[in-house]
Amino acid sequence: MSPLPLLLMQVFVGLLIGSAGGLCYKKGWNKAPIILTIGILITLISDMLTTSAGFLFFPTKKSFLAYFIIGLPFVIWHVFTQGVIYGFVLTPTIQKIKKRRFYAFNHTKHDVL
């Protein structure tokens, strides 16, 4: 289990991610550029918040810089991989699900089989 400050930050970040997903769903934002932009922003925010939580254990300017610099390669890699997932995996998956749902709701059982 994570130390308490990090755990609280992870819970907050989880709420932020869930809220962003719910907002995208309600607004119908299912196009690649929108999902990609929101995904990258949420990833940056979550990485900054969770990295900053480590600062609470060693609250000096040097320790914050150390946490930030050591975490920077991970943040860059995380943003890149999330961008690939949101832009090239999630968006086509959402489109296929919407097509199947539309098809299933607009045809009888006999047409689908």
Side-chain angles (χ1 to χ4, degrees):
M1 186 164 121
S2 300
L4 187 60
L6 180 57
L7 178 66
L8 293 174
M9 199 58 70
Q10 289 170 330
V11 169
F12 176 73
V13 165
L15 290 169
L16 183 66
I17 292 167
S19 297
L23 180 67
C24 286
Y25 178 76
K26 282 187 177 186
K27 296 285 187 179
W29 296 339
N30 57 3
K31 304 288 185 219
I34 297 170
I35 291 175
L36 182 64
T37 303
I38 291 173
I40 286 174
L41 285 173
I42 294 293
T43 302
L44 277 171
I45 291 167
S46 69
D47 285 349
M48 294 301 288
L49 290 174
T50 53
T51 301
S52 297
F55 170 68
L56 297 174
F57 291 109
F58 307 103
T60 66
K61 188 177 181 180
K62 286 183 181 180
S63 67
F64 179 75
L65 263 149
Y67 269 95
F68 186 77
I69 291 170
I70 290 171
L72 196 57
F74 170 76
V75 170
I76 291 168
W77 178 250
H78 195 204
V79 168
F80 172 75
T81 56
Q82 291 297 86
V84 168
I85 290 169
Y86 287 120
F88 299 105
V89 176
L90 186 61
T91 303
T93 304
I94 289 171
Q95 298 302 327
K96 285 188 183 224
I97 289 170
K98 286 185 109 181
K99 279 184 186 177
R100 284 189 173 204
R101 223 184 251 169
F102 178 77
Y103 182 81
F105 286 132
N106 290 315
H107 291 83
T108 65
K109 267 196 292 190
H110 303 291
D111 291 340
V112 175
L113 298 175

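Computed from a predicted model, the values in this text were never measured in an experiment.
Side-chain contact between Ser46 and Leu16 is absent, with no heavy atoms from C-beta onward closer than 4.5 Å. Looking at Phe74 and Asp47, their side chains come closer than 4.5 Å, going by heavy atoms from C-beta outward. Looking only at side-chain heavy atoms (C-beta outward), Trp29 and Ile35 stay at 4.5 Å or farther from each other.
In this structure, Thr50 OG1 and His78 NE2 are separated by 8.5 Å, a value rounded to the nearest 0.5 Å.
Residues Thr43 and Gly39 come closest through the heavy atom pair OG1-O, 2.7 Å.
Each side chain to side chain donor-acceptor pair (under 3.5 Å) pair with one or both residues in residues 4-18, not counting sequence neighbours, appears once here: Ser2-Gln10.
The ring-ring contact (aromatic ring centres under 6.0 Å, His included) test applied to Phe12 returns no partner, not counting sequence neighbours.
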Would you check, one step at a time, whether the test side-chain contact (heavy atoms from CB on, under 4.5 Å) holds for Tyr86 with Thr37?
CA-CA 9 Å; Tyr86 287 120; Thr37 303; over 6 Å; no

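Both Val13 and Leu23 are assigned to one and the same hydrophobic cluster, defined by single-linkage of ILVMFWY side chains at heavy-atom distances under 4.5 Å. In the hydrophobic clustering of this structure, Ile34 does not group with Ile40; members are Ile, Leu, Val, Met, Phe, Trp, Tyr whose side-chain heavy atoms approach within less than 4.5 Å, directly or through other members. Connection of Leu36 to Val79 is established within a shared hydrophobic cluster, with ILVMFWY side chains joined at heavy-atom distances below 4.5 Å, either directly or through further cluster members. Linking ILVMFWY side-chain heavy atoms closer than 4.5 Å, directly or via other members, places Ile76 and Met48 in a single hydrophobic cluster. The same ILVMFWY cluster, assembled from side-chain heavy atoms under 4.5 Å apart, contains both Ile38 and Leu49.
Between Trp77 and Phe80, the gap from one ring centroid to the other is short of 6.0 Å.
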